[in-house]
Amino acid sequence: MSAIVTRIAPSPTGSMHIGTARTALFNWLYARGRGGKFLLRVEDTDKERSTPEATTAIFKGLEWLGLDFDDEPVFQASRAERHIEIATQLLASGHAYKCFSTQDEISQFRDAARAEGRSTLYQSPWRDIDHSAHPDEAYVIRIKSPNEGHTIIKDQVQRDVKIRNDQLDDMVLLRSDGSPVYMLAVVVDDYDMGITHVIRGDDHLNNAARQMLIYRAMNWPIPVYAHLPLILGPDGKKLSKRHGATGVEEYQLMGYPASGMRNYLARLGWSHGDDEFFSDEQAKDWFHLDAIGKSAARFDFKKLENLCGQHISQTQDAALLHETLEYKRIKDDEDSAHKLSKRLLPALYCIKQRAKTYGELIEKANFILIDRPIKIDEKAKINLSEDAISMLNTLTPQLHNVSWSREELEALGKFVAEKFDKNFGKLAGPLRAALAGQTVTPSVFDMMLILGRDETIARLADVNAKGSN
RNA sequence: GGCCCGUUCGUCUAUCGGUUAGGACGCCAGGUUUUCAACCUGGAAAGACGAGUUCGAUUCUCGUACGGGCUGCCA
C-alpha cells in the first residue's frame with residue numbers, strides 16, 4: 001500500500017475560516033494517524049483577492065492549532081507554467097479546444113437558455129471547429145467534456161454520487177490572458193504533489209466530477225475523495241461574520257486552548273461512538289473517513305467551552321503556564337506576559353479546574369497578580385462589617401502560630417469562627433475580601449497557601465488597620 | 001430554472017430492519033459547599049412529512065417539504 005498524502009489548500013483571502021481549520025484538522029488526523037504526509041498548498045491564483053496578510057493568517061492559524069505540515073508549502077500561482085503545460089498537452093491530445101467566444105456572446109447564450117428553460121451550461125460553437133478556421137483573436141482553452149454517459153464520484157463520505165456527463169460544462173482551463181484557472185490548477189497540483197486523498201469541503205462535490213475529466217484525459221490516477229459537510233452558524237445558516245467569530249485567530253484571541261479547539265472541531269461532523277473528550281493521539285488513532293457524518297453541523301460555543309474547560313483542567317501546570325503566557329503575549333504584550341510568568345504557576349493547580357479559557361484562568365488568578373495595598377471592590381466591602389473585622393483581628397495573630405498547611409489553616413478557621421459562635425462561612429466572606437478584594441475567588445485556604453504566610457498576614461493587617469481607624 | 005447533497009432530543013451525535021431510540025453539551029430540579037466554578041443525583045427533551053417494501057422500519061425505496069452546494073475567463 002502506498003503512503004497516504006493529504007493536503008489543505010486554502011485560498012489566502014481574508015482570515016483563515018474555521019471551516020478551513022476543520023478541513024485541515026481532518027486531513028492532518030488522517031495522514032498523521034496512518035504514517036502519511038500532510039501538505040499545505042496556498043491557492044493564490046486569484047490575484048485580485050489574494051493578500052500576503054491572508055497568507056500569514058493561514059500559517060499562523062495552522063501553527064496555533066498545532067497542525068504541522070510536511071515539506072515546503074506550495075504556492076499555486078508559482079506553478080502557472082506547469083498548469084499551462086498541461087493545458088497545452090490537453091489541447092494537443094484533442095481533450096481540449098480553443099474557444100473564441102466573447103463574454104458578451106456567452107452571457108447572451110445563458111440569458112436565452114434561461115428564458116427558454118434550457119440548461120445554462122455554455123455550449124461553445126468552437127468545440128468542433130477545425131484549426132484552419134480559427135480567427136486571430138483572443139481565446140480561452142476549454143476542456144471537451146463528454147456529452148453522454150455519467151461520472152460516478154466515489155466519495156468516502158457521500159458514497160457514490162452519479163452525475164450525468166451532459167451536466168458537465170466545457171469548463172475553462174486557461175483564461176484568455178493565458179493564466180490557468182483553479183479547476184485545472186488543483187488537479188495538476190494534486191497530481192504533482194502525489195495527493196492520494198482529497199478531503200475538502202462539500203462545496204467541491206460537484207466540482208470533483210469536472211476535475212475527474214482532467215484526470216481521465218491525462219490518464220492520471222483519481223485520488224480518494226471525501227467531501228465534508230459544511231459548518232453552519234448556530235441558527236443553521238452558513239457561518240458568517242454575523243454569527244461572531246469565523247476566523248481561527250479570533251478563537252485564539254478569545255483564549256480557547258488549541259487542544260480544545262481540535263477536540264471540538266474533530267467532534268463536529270465526526271464521531272467515535274460515545275467519545276466526547278479525547279486527546280490528539282486518540283483522535284489520530286480513531287479517525288476514519290467513513291465515520292464522518294453526512295449532514296452539516298451547527299457551531300455550538302457552549303460545547304466548545306465545555307471541552308476547552310476540560311482540556312485546561314487536564315493540562316499539566318508547566319504546559320498550561322506556557323500556553324497561557326503565549327495567549328497573553330498575543331492578547332496584550334510581552335511585558336504583561338512576563339509579569340504573569342512570575343506569579344501564575346503556583347496558583348494553577350486550583351484555578352485550572354474552573355476556567356474555560358486562558359482569559360478566565362488569568363481572571364481567577366487575580367488575587368496573586370495584584371500588589372498591596374489591594375483594592376477592595378464594592379461587593380467585597382459589604383463583607384467587611386465591624387463584626388467581621390473583629391473576627392479577622394482574632395484570626396490574624398494566630399496565623400503566626402500554625403504550620404502553613406491546609407489542615408491546620410482549616411482547623412484554625414473553624415476554631416476562630418466557632419469562638420464567635422458562627423460557622424466558617426461567616427468568616428470566609430471577610431477573609432476572601434481581605435485577601436483578594438473580590439467576592440469570587442478560589443478557596444480562601446488555597447489563596448492563603450499560594451500567597452504564603454507573610455503576604456496573607458500583611459493583607460489581613462491592611463484590612464485590620466483600616467477597620468480600627 | 002437544471003443538476004447534486006442533506007434531514008434522529010434546542011445543539012453535536014450513537015444506532016448499520018426487531019432497542020424502554022443511547023451518550024455529550026445546554027436546560028430544569030435536588031444535593032454538596034467558604035463565594036464562583038467544579039462535582040454528585042434525578043428530570044424534561046428526538047427519528048421533517050407522506051406513501052411503498054417487509055412479519056417488522058429511525059434504518060431500504062420513491063415522492064413532498066425544508067436546508068445547503070454547484071451551475072463563472074472565483075476559489
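Just so it is clear: chains get the letters A, B, ... in the order the sequence lines come, proteins before strands, and each one is counted from 1.
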Any heavy-atom pair between the side chains of A:Ser101 and A:Phe109 that's under 4.5 Å?
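Result no, sub-4.5 Å side-chain heavy-atom pair not found.
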With heavy-atom distances below 4.5 Å as the criterion, would you say the side chains of A:Lys144 and A:Asp128 are in contact?
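They are in side-chain contact.
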When the [atom1] atoms of [M] and [N] are compared, how many Å lie between them, rounded to an integer?
N     : M     : atom1 : value
B:U20 : B:G47 : C1'   : 16 Å
B:U64 : B:C5  : P     : 14 Å
B:A24 : B:G31 : C1'   : 22 Å
B:G23 : B:C36 : C1'   : 28 Å
B:A45 : B:G26 : C1'   : 11 Å
B:C3  : B:A46 : C1'   : 32 Å
B:U13 : B:U7  : C1'   : 14 Å
B:G22 : B:A14 : C1'   : 6 Å

Reading RNA chain B from 5' onward, which residue's closest nucleotide shows up sooner: A:Asp274 or A:Ala355?
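The 5'-side residue here is A:Asp274.
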Can you work out whether A:Asp300 or A:Ser295 has the more 5'-proximal nearest nucleotide on RNA chain B?
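Comparing both residues, the 5'-ward one is A:Ser295.
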Identified pairing partner of [N], criterion: Watson-Crick or G-U wobble below 3.5 Å:
N     : value
B:U7  : B:A65
B:A29 : B:U41
B:G72 : none
B:G52 : B:C60
B:C16 : none
B:U34 : none

Heavy-atom donor-acceptor pair, A:Gln167 side-chain to B:G2 base, under 3.5 Å:
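When only heavy-atom distances are counted, A:Gln167 does not reach the base of B:G2 through any donor-acceptor pair under 3.5 Å.
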Within the modelled atom types, does a donor on one side and an acceptor on the other bring the side chain of A:Lys303 and the base of B:A24 under 3.5 Å apart?
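Under the 3.5 Å cut-off, the side chain and the base do form a donor-acceptor pair.
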List the atom of A:Gln167, the atom of A:Leu121, and the distance in Å for their closest heavy-atom pair.
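Residues A:Gln167 and A:Leu121, closest heavy atoms: O-CD1, 3.1 Å.
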Which part of the nucleic acid, if any, lies within contact of A:Val161, taking any heavy atom under 4.0 Å across all strands shown: a base, the sugar-phosphate backbone alone, or nothing?
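Sugar-phosphate contact only - A:Val161 comes under 4.0 Å of backbone atoms but never of a base.
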Determine the contact category for A:Gly413: base if any of its heavy atoms lies under 4.0 Å from a base atom, sugar-phosphate if only primed atoms, P, OP1 or OP2 are that close, otherwise nothing.
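Nothing, no heavy atom under 4.0 Å.
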Separation of [N] [atom2] from [X] [atom1] (nearest whole Å):
X        : N     : atom1 : atom2 : result
A:Phe445 : B:U34 : CZ    : P     : 9 Å
A:Phe299 : B:G26 : CZ    : P     : 15 Å
A:Phe301 : B:C12 : CZ    : P     : 15 Å
A:Arg164 : B:C5  : CZ    : P     : 12 Å
A:Asn263 : B:U13 : CG    : P     : 14 Å
A:Lys294 : B:U13 : NZ    : P     : 14 Å
A:Arg298 : B:U13 : CZ    : P     : 11 Å
A:Arg267 : B:G26 : CZ    : C1'   : 15 Å

Got a salt bridge between [X] and [Y], using NZ or NE/NH1/NH2 to carboxylate O under 4.0 Å?
X        : Y        : result
A:Arg210 : A:Asp169 : yes
A:Arg175 : A:Asp177 : no
A:Asp446 : A:Arg406 : yes

In residues 422-443 of chain A, what residues come within less than 4.0 Å of RNA chain B, judged by heavy atoms?
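A:Phe424, A:Gly425, A:Ala428, A:Arg432, A:Thr439, A:Val440, A:Thr441, A:Pro442, A:Ser443 - these, ordered by number, are the residues of the stretch whose heavy atoms sit under 4.0 Å from the strand.
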Give a yes or no on this: more than 12 heavy atoms of other residues, nucleotides or ligands lie within 6.0 Å of atom [atom1] of [X].
X        : atom1 : answer
A:Lys302 : NZ    : no
A:Lys426 : NZ    : no
A:Lys419 : NZ    : no
A:Tyr215 : OH    : yes

Per A:Asn306 side chain, nearest of listed nucleotides B:C25, B:C12, B:G2
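Side chain of A:Asn306 sits closest to B:C25.
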Applying the ring-ring contact (aromatic ring centres under 6.0 Å, His included) criterion to A:His311, which one of A:Tyr264, A:Tyr256, A:Phe277 satisfies it?
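In the set A:Tyr264, A:Tyr256, A:Phe277, the residue that makes a ring-ring contact (aromatic ring centres under 6.0 Å, His included) with A:His311 is A:Phe277.
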Using a cutoff of under 3.5 Å, can you pull out all pairs of nitrogen or oxygen atoms linking the protein to nucleotides 39-45 of chain B, with atom names and distances?
none

I'd like to know whether A:Val248 forms a side-chain contact (heavy atoms from CB on, under 4.5 Å) with A:Arg22, so could you lay out the CA-CA distance, the side-chain angles of the two residues, the decisive distance to 0.1 Å, and finally the verdict.
CA-CA 10 Å; A:Val248 296; A:Arg22 186 184 60 152; over 6 Å; no
For the residue pair A:Tyr182 / A:Asn207, report whether a side-chain donor-acceptor contact shorter than 3.5 Å exists.
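No, no side-chain donor-acceptor contact under 3.5 Å.
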Between A:Asp190, A:Asp44, A:Asp192, which is the residue that forms a salt bridge (charged side-chain N to carboxylate O under 4.0 Å, His left out) with A:Arg79?
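Considering A:Asp190, A:Asp44, A:Asp192, a salt bridge (charged side-chain N to carboxylate O under 4.0 Å, His left out) with A:Arg79 is found only for A:Asp192.
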Taking protein heavy atoms under 4.0 Å as touching, what does nucleotides 59-75 of chain B look like 5' to 3' if B marks base contact, S marks sugar-phosphate-only contact and - marks none?
---------SBSSSBBB
